[in-house]
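The chains referred to below are lettered A, B, ... by the order of the sequence lines, with proteins before strands, and numbering in each begins at 1. No hydrogens, no waters, no symmetry mates; every other heavy atom, side chains included, goes into these values.
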Amino acid sequence: MSVTREEVAKISNLARIRMTDGELDRMVPELNKILDWVEQLGEVDVTGVEPMTAVIPNTLRLRADEVDAIPETAGGRRDDVLANAPAAEHGFFGVPKVIE
Amino acid sequence: MTDLTQLGVKAIRDGVAGGDFTAREVAESFNAAVADASALNAFIVTTPDHALAAADAVDARRAKGEDLGGMGGVPIGMKDLFCTDGVQTTAASHILEGFVPRYESTVSRKLWEAGAGMLGKLNLDQFAMGSSNETSYFSNVSSPWRKDGTNAAMSPGGSSGGSSAAVSARIAPAATGTDTGGSIRQPAAFTGIAGIKPTYGRCSRWGVVAFASSLDQAGPMARSVEDCAIMLEAMAGFDPKDATSLQMDVPAWEAGLDANLKGKRIGIPREYRMEGTDQAILDSWEQGKAWLRDAGAEIVDVSLPHTKYALPAYYIIAPAEASSNLARYDGVRYGLRDLPDGSGLQDMYAATREEGFGDEVKRRILIGTYVLSAGFYDAYYTQAQKIRALVAKDFEDAFASCDAILAPTTPTASFPLGDKSDDPLAMYLNDVFAVPASLAGLPAMSVPAMLNPEGLPLGLQIVGKPFDEQGVLNAGLAIQQRAGFDAAPEKWW
């Protein structure tokens with residue numbers, strides 16, 4: 001299966017990556033070459049095979065349901081959380097206006 | 001006095017503990033070597049003060065007669081994929097340029113607690129996506145190795161190319177790496193050093209910039225198998241902060257090292273004998289069998305029938321996970337923000353991601369987005385996950401008749417920078433021998449075997465059963481002792 005220029009433009013929009021016409025022109029044949037190559041996976045008979053979701057048998061643990069169970073990811077670290085924000089104001093992340 | 005930069009992890013740790021030299025002397029020697037090697041471009045930032053402070057703390061502990069830790073007095077390089085408290089962490093991307101974490105990754109914290117210090121943050125392929133270290137926003141890393149009789153800059157491998165270059169150039173005794181589809185083993189092979197990817201879940205992924213979460217695993221890169229064992233012990237262990245972390249004790253891998261392989265069976269996968277593999281690689285593989293036989297092992301033929309499909313399956317699964325993981329880089333919470341005049345939130349995301357990601361990262365995000373999109377999910381992603389199950393089952397079946405598997409690490413030796421950078425697919429094929437073990441989550445190691453006729457290092461790979469890092473290290477040690485690999489790149493930098 002191959003992708004058209006329009007399809008790549010649609011994917012880039014879904015992926016929230018702006019692409020110029022020149023970038024699209026370069027990307028389309030590259031993606032098609034890779035997709036052509038992965039097509040060979042269709043040859044494999046996977047009847048009765050369950051998709052692998054966990055590589056090592058491991059039970060998913062749940063964190064204790066309490067505040068500050070893990071200090072690094074708990075509450076009370078507002079300034080640390082905001083420290084790397086491109087725009088932080090009044091204790092919040094600042095973003096462009098999203099509603100009129 | 002001996003040149004301290006010629007020493008590895010064990011020699012430094014034991015020398016500091018025994019009072020042959022101080023940790024400060026070691027840190028000063030390596031800091032100077034790092035400063036002198038900027039031509040390699042192995043480091044994105046250097047942190048000489050971190051190395052000195054850690055060294056002084058170790059020297060103070062020694063003065064008081066306290067335990068120095070498993071890595072006491074050893075300064076290391078830290079792949080710039082590990083978040084380090086107060087030190088810029090970029091994943092070699094523009095989108096994270098200037099990001100200074102307020103927390104420490106579990107792996108780096110464990111290393112500091114074991115007495116290690118940090119020489120700096122090592123360059124890598126952007127977001128660990130690449131096999132040659134040519135996708136970094138901070139320029140290519142040059143391998144310290146050169147082909148005989150040429151000056152062409154060679155690839156140190158990738159993604160952990162800064163790590164492999166630094167260790168092989170002797171500007172760091174060891175470094176951290178991460179392996180998603182071969183990113184520890186392939187660069188180790190290209191530069192004549194050792195590196196092990198442990199069983200998935202052995203090392204915490206907390207605080208490690210995520211690429212493909214079901215595959216990413218940290219591991220050590222160093223000059224010897226013993227040094228890898230020591231450093232892996234310091235890095236591994238259960239971490240409640242990582243839901244995929246294994247709830248198992250860390251074995252005493254260093255103490256358990258034993259190169260006598262009597263009674264062990266080593267499998268040779270017949271499907272790894274692929275067309276296009278260099279004759280020198282095939283020769284090294286034959287030599288590897290002879291070395292392991294000499295160590296007492298029995299060599300047996302095994303089959304991994306789905307080998308051919310592992311790489312294409314990987315290039316669906318890894319980009320799929322990457323497209324999801326990298327959705328967090330949107331210009332809101334950290335990193336770059338590009339806000340064109342009068343634009344809204346969606347435009348800001350798109351512009352920020354256009355400017356912040358390199359070509360290979362964009363390519364993989366687009367592939368991932370495509371294979372996960374409605375209509376293609378089952379045809380691509382579900383199919384790849386089923387094939388992943390078959391690849392893992394192949395290994396399980398093979399391990400019914402052998403204890404570990406011997407294979408080449410790479411199909412070729414290192415290549416000149418620029419040789420494959422125009423052809424993404426040709427680049428991907430470099431990881432053909434490394435990816436299957438990654439898909440199956442198995443421990444796998446590359447050890448230096450020999451030089452090829454052009455004077456470039458070749459590595460041999462050992463793949464083990466789940467949780468059997470000891471078996472992998474022991475087979476690696478048997479090879480190391482017989483290979484007697486002591487070649488080092490000639491200093492040109």
*Heavy-atom proximity to chain B below 4.5 Å, by part of A:Val98*: side chain
*Do B:Thr106 and B:Lys241 come close enough that some side-chain heavy atom pair is under 4.5 Å?*
yes
_Winner by heavy-atom pair count (cut-off under 4.5 Å) against chain A, out of B:Phe357, B:Phe467, B:Tyr103, B:Trp206_ = B:Trp206
*Any side-chain heavy-atom pair of B:Asp216 and B:Tyr200 under 4.5 Å*: no
*Does the separation of the ring centres of B:Tyr380 and B:Tyr370 fall below 6.0 angstrom?*
yes
_Looking at B:Lys465 and B:Asp468, is any side-chain nitrogen of the basic one under 4.0 Å from a carboxylate oxygen of the acidic one?_
no
*asked:* Does any backbone or side-chain atom of B:Asp422 lie under 4.5 Å from a heavy atom of chain A? Answer side chain, backbone, both or neither.
replied: neither
*asked:* For chain B, which candidate among A:Glu43, A:Arg77, A:Lys97 shows the most heavy-atom pairs at distances under 4.5 Å?
replied: A:Glu43
_Show, in sequence, the C-alpha distance, side-chain angles and deciding distance for B:Phe127 and B:Tyr329, and conclude whether the ring pair (Phe, Tyr, Trp, His ring centres under 6.0 Å) test is met._
CA-CA 12 Å; B:Phe127 283 106; B:Tyr329 303 100; 5.1 Å; yes
*Report the option among B:Arg333, B:Arg337, B:Gln383 that has the most heavy-atom pairs separated by less than 4.5 Å from atoms of chain A.*
B:Arg333
*asked:* Out of B:Glu355, B:Gln346, B:Lys393, B:Met348, return the one with the most heavy atom pairs under 4.5 angstrom to chain A.
replied: B:Gln346
*asked:* Just so I understand: if I count every heavy-atom pair under 4.5 Å between each of A:Leu14, A:Ile34, A:Val8 and chain B, which residue has the most?
replied: A:Ile34
*Do B:Ile317 and B:Leu439 pass the side chain to side chain contact (heavy atoms under 4.5 Å, CB included) test, and can you show the C-alpha distance, the side-chain angles, and the key distance before you say yes or no?*
CA-CA 9 Å; B:Ile317 294 165; B:Leu439 284 179; 4.3 Å; yes
*Structural part of B:Pro340 lying under 4.5 Å from a heavy atom of chain A*: side chain
_Does any backbone or side-chain atom of B:Leu372 lie under 4.5 Å from a heavy atom of chain A? Answer side chain, backbone, both or neither._
neither
*Among the listed options B:Thr199, B:Leu366, B:Leu345, the residue most often paired with chain A at heavy-atom distances under 4.5 Å*: B:Leu366
*asked:* Applying side chain to side chain contact (heavy atoms under 4.5 Å, CB included) to A:Asp21 and A:Arg5, what does each step give before you reach the verdict?
replied: CA-CA 10 Å; A:Asp21 288 346; A:Arg5 198 166 183 285; 3.5 Å; yes
_Part of B:Asp242 lying under 4.5 Å from any heavy atom of chain A_ = backbone
_Contact class of B:Asp359 relative to chain A, heavy atoms under 4.5 angstrom_ = both
*Quick one: what part of B:Tyr428 sits under 4.5 Å from any heavy atom of chain A, side chain, backbone, both or neither?*
side chain
*Distance (rounded to the nearest 0.5 Å) between A:Arg61 CZ and B:Thr244 OG1*: 8.0 Å
*With chain A, which of B:Gly441, B:Ala243, B:Ser214, B:Ala440 has the greatest number of heavy-atom pairs at distances under 4.5 Å?*
B:Ala243
*asked:* For B:Glu104, is there an ion pair with B:Arg109 - N to carboxylate O distance below 4.0 angstrom?
replied: no
*Using non-hydrogen atoms only, which part of A:Leu31 is less than 4.5 Å away from chain B: side chain, backbone, both, or neither?*
side chain
_For chain B, which candidate among A:Gly94, A:Gly42, A:Ala54 shows the most heavy-atom pairs at distances under 4.5 Å?_
A:Gly94
*Check ion pair A:Lys33-B:Asp423 (N to O, under 4.0 angstrom)*: yes
*Determine the option with the most heavy-atom pairs under 4.5 angstrom with chain A, choosing from B:Leu390, B:Thr382, B:Leu215.*
B:Leu390
*State whether B:Lys386 and A:Glu50 are salt-bridged, where the test is any N-O pair (Lys NZ or Arg NE/NH1/NH2 against Asp/Glu carboxylate O) under 4.0 Å.*
no
